[in-house]
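Data block below; observations after.
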2 protein chains.
Amino acid sequence: MERPVIPLGKPRGERADAARNRERLLDTARGMIAEHGAEKVTMDGLAERAGLGKGTVFRRFGTRAGIFRALLDADERRFQEQVLSGPPPLGPGADPVARLIAYGRARIAFLLDHHVISRAALDRAQPVPAGDASVSQIHIRMLLDLAKVPVPDLNGLSIQLTAALEGPLLLYLSMPETSTPPSMDAGRYLGDSWQALIERITH
Amino acid sequence: MERPVIPLGKPRGERADAARNRERLLDTARGMIAEHGAEKVTMDGLAERAGLGKGTVFRRFGTRAGIFRALLDADERRFQEQVLSGPPPLGPGADPVARLIAYGRARIAFLLDHHVISRAALDRAQPVPAGDASVSQIHIRMLLDLAKVPVPDLNGLSIQLTAALEGPLLLYLSMPETSTPPSMDAGRYLGDSWQALIERITH
DNA sequence: AACATAAACGGACTTTACCCCGCTTGCAAC
DNA sequence: GTTGCAAGCGGGGTAAAGTCCGTTTATGTT
């Protein structure tokens with residue numbers, strides 16, 4: 001009879017059908033991207049192919065970009081695991097400068113791998129899939145701190161380094177010459193540049 | 001009677017009415033942005049308010065983002081004039097490192113001023129209004145070269161510095177703390193960070 | 001098992017970017 | 001002034017994003 005004063009210890013987690021449908025939608029989206037490219041993924045199309053209503057798709061992901069962000073999140077989580085507890089030099093254990101360099105190279109490879117989805121996750125209404133960049137930024141700041149880089153403003157530097165790392169790929173700033181899609185060469189090129197930048201900054 | 005082999009020395013420049021209409025559209029767009037913000041500028045609305053057809057708007061600017069790019073271009077040109085032939089330290093005449101710092105500060109101020117339009121000019125189909133970034137990049141590369149910064153890859157560094165400079169504002173990467181729109185403080189903050197970064201890189 | 005309720009669902013509806021194509025017009029050559 | 005025509009114009013048409021709201025359903029409670 002009596003109603004507990006605070007009846008919601010947990011906000012009553014996601015319903016089972018909802019979870020199932022989310023997976024189904026993500027799978028379907030992956031399939032559509034593989035088949036026809038990210039550009040061709042429409043909300044109607046996705047809904048229909050997944051056998052669900054359009055309203056459901058929007059309820060789940062809010063916006064078109066949201067789908068791609070969700071897709072990224074999964075891989076992003078795996079990436080972070082490597083960074084947080086994988087083997088050195090990416091993971092903990094190595095010299096912070098070496099880790100910074102390794103992080104940059106790994107991140108570039110990751111963004112290169114995911115650049116189609118990353119770009120599709122961009123959204124002029126809420127442009128930065130904040131998760132990605134922030135995590136990079138926090139990690140970079142931590143490593144700079146560990147490396148004892150003497151700099152007046154650690155926060156500012158980490159913002160800029162994050163931008164220097166992710167900007168070229170997210171903004172698709174000019175690769176060396178070509179305007180063709182990024183290749184493995186580009187990864188090597190950007191990785192080397194990153195290393196040079198870090199070495200220069202850390203003396 | 002005889003038809004010249006190459007009758008089109010010049011591709012017959014823009015027609016007078018077209019030029020007039022472009023100006024009219026840009027003015028109208030500026031007005032609408034000032035009144036209701038960039039988000040509220042729709043192609044139909046713009047066309048109607050300018051007393052023109054929707055088709056005309058698209059013929060002129062190609063895409064919605066194109067309008068904002070055109071708007072930026074005008075101011076961008078004035079900015080570049082300052083950089084190319086204004087007084088030092090922004091213009092020529094000062095020490096390259098000082099110019100690099102001045103350029104960054106000026107650019108940050110410019111982007112802050114125009115951040116609404118800049119952001120609106122972003123377009124997931126062709127994301128970087130290539131003009132802006134490239135010009136920054138070329139200028140930065142030139143100054144780095146003048147400064148004789150000994151770096152294995154000048155091009156790579158200039159790409160990264162450009163991203164470091166423009167990325168935070170274009171991507172709206174996290175400002176210090178707030179998620180509120182960028183303020184003058186942000187400009188100072190980013191400017192100081194930029195200066196520190198440049199000083200560190202150039203020893 | 002029946003119930004209450006919040007969450008999820010679906011699809012019609014609205015809005016907006018962008019395309020198409022027949023009509024009009026500025027411009028230059030005669 | 002007439003004429004040829006490429007360029008410009010306009011507005012109806014399409015497709016896709018995002019909103020709304022009435023209906024259905026999972027889940028915790030009695």
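Because only heavy atoms are used, hydrogens play no part in the values below, and waters and symmetry mates are left out as well, while side chains stay in. Letters go in sequence order (proteins before strands), and every chain restarts at 1.
- Taking side-chain N and O atoms only, B:Asn21 has no distance below 4.0 Å to OP1 or OP2 of D:dG8.
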What pairs of donor and acceptor atoms, side-chain ones from residues 87-99 of chain A against any protein atom, are under 3.5 angstrom apart with sequence neighbours left out?
residue: A:Asp95; atom: OD2; partner: A:Val97; partner atom: N; Å: 3.2
residue: A:Asp95; atom: OD2; partner: A:Ala98; partner atom: N; Å: 3.1
residue: A:Arg99; atom: NE; partner: A:Gly91; partner atom: O; Å: 3.0

Can you tabulate the close N/O pairs, meaning under 3.5 Å, that link protein atoms to atoms of nucleotides 16-19 of chain D?
residue: D:dA17; atom: OP2; partner: A:Met43; partner atom: N; Å: 2.8
residue: D:dG18; atom: OP2; partner: A:Arg64; partner atom: N; Å: 2.9
residue: D:dG18; atom: O6; partner: A:Lys54; partner atom: NZ; Å: 2.2

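- Sorted by first and then second residue, the pairs that involve residues 49-59 of chain B and meet salt bridge (charged side-chain N to carboxylate O under 4.0 Å, His left out), not counting sequence neighbours, are B:Glu35-B:Arg49, B:Asp44-B:Lys54.
- The pair B:Asp75-B:Arg78 meets the salt-bridge criterion, with a side-chain N (NZ, NE, NH1 or NH2) lying under 4.0 Å from an Asp/Glu carboxylate O.
- With rounding to whole Å, B:Arg49 atom CZ is found 19 Å from D:dG11 atom P.
- The CZ-C1' distance, from A:Arg24 to C:dG10, rounds to 15 Å in whole Å.
- Helix bend of the helix from C:dA1-D:dT30 to C:dC30-D:dG1: the angle between its two end axes, each built from five pairs, comes to 20° after rounding to 10°.
- Under the ring-ring contact (aromatic ring centres under 6.0 Å, His included) criterion, B:Phe110 pairs with B:Phe79, B:His114, sequence neighbours left out.
- A straight line from CZ of B:Arg59 to P of C:dC23 spans 16 Å, rounded to a whole angstrom.
- Ion pairing of A:Arg20 with A:Asp17 is absent here, as no side-chain N (NZ or NE/NH1/NH2) approaches a carboxylate O to less than 4.0 Å.
- Residues forming a side chain to side chain donor-acceptor pair (under 3.5 Å) with B:Asp192 (at least two apart in sequence, or on another chain): B:Arg105.
- Using a 4.0 Å cut-off between a side-chain N of Lys or Arg and a carboxylate O of Asp or Glu, B:Arg60 and B:Glu14 qualify as a salt bridge.
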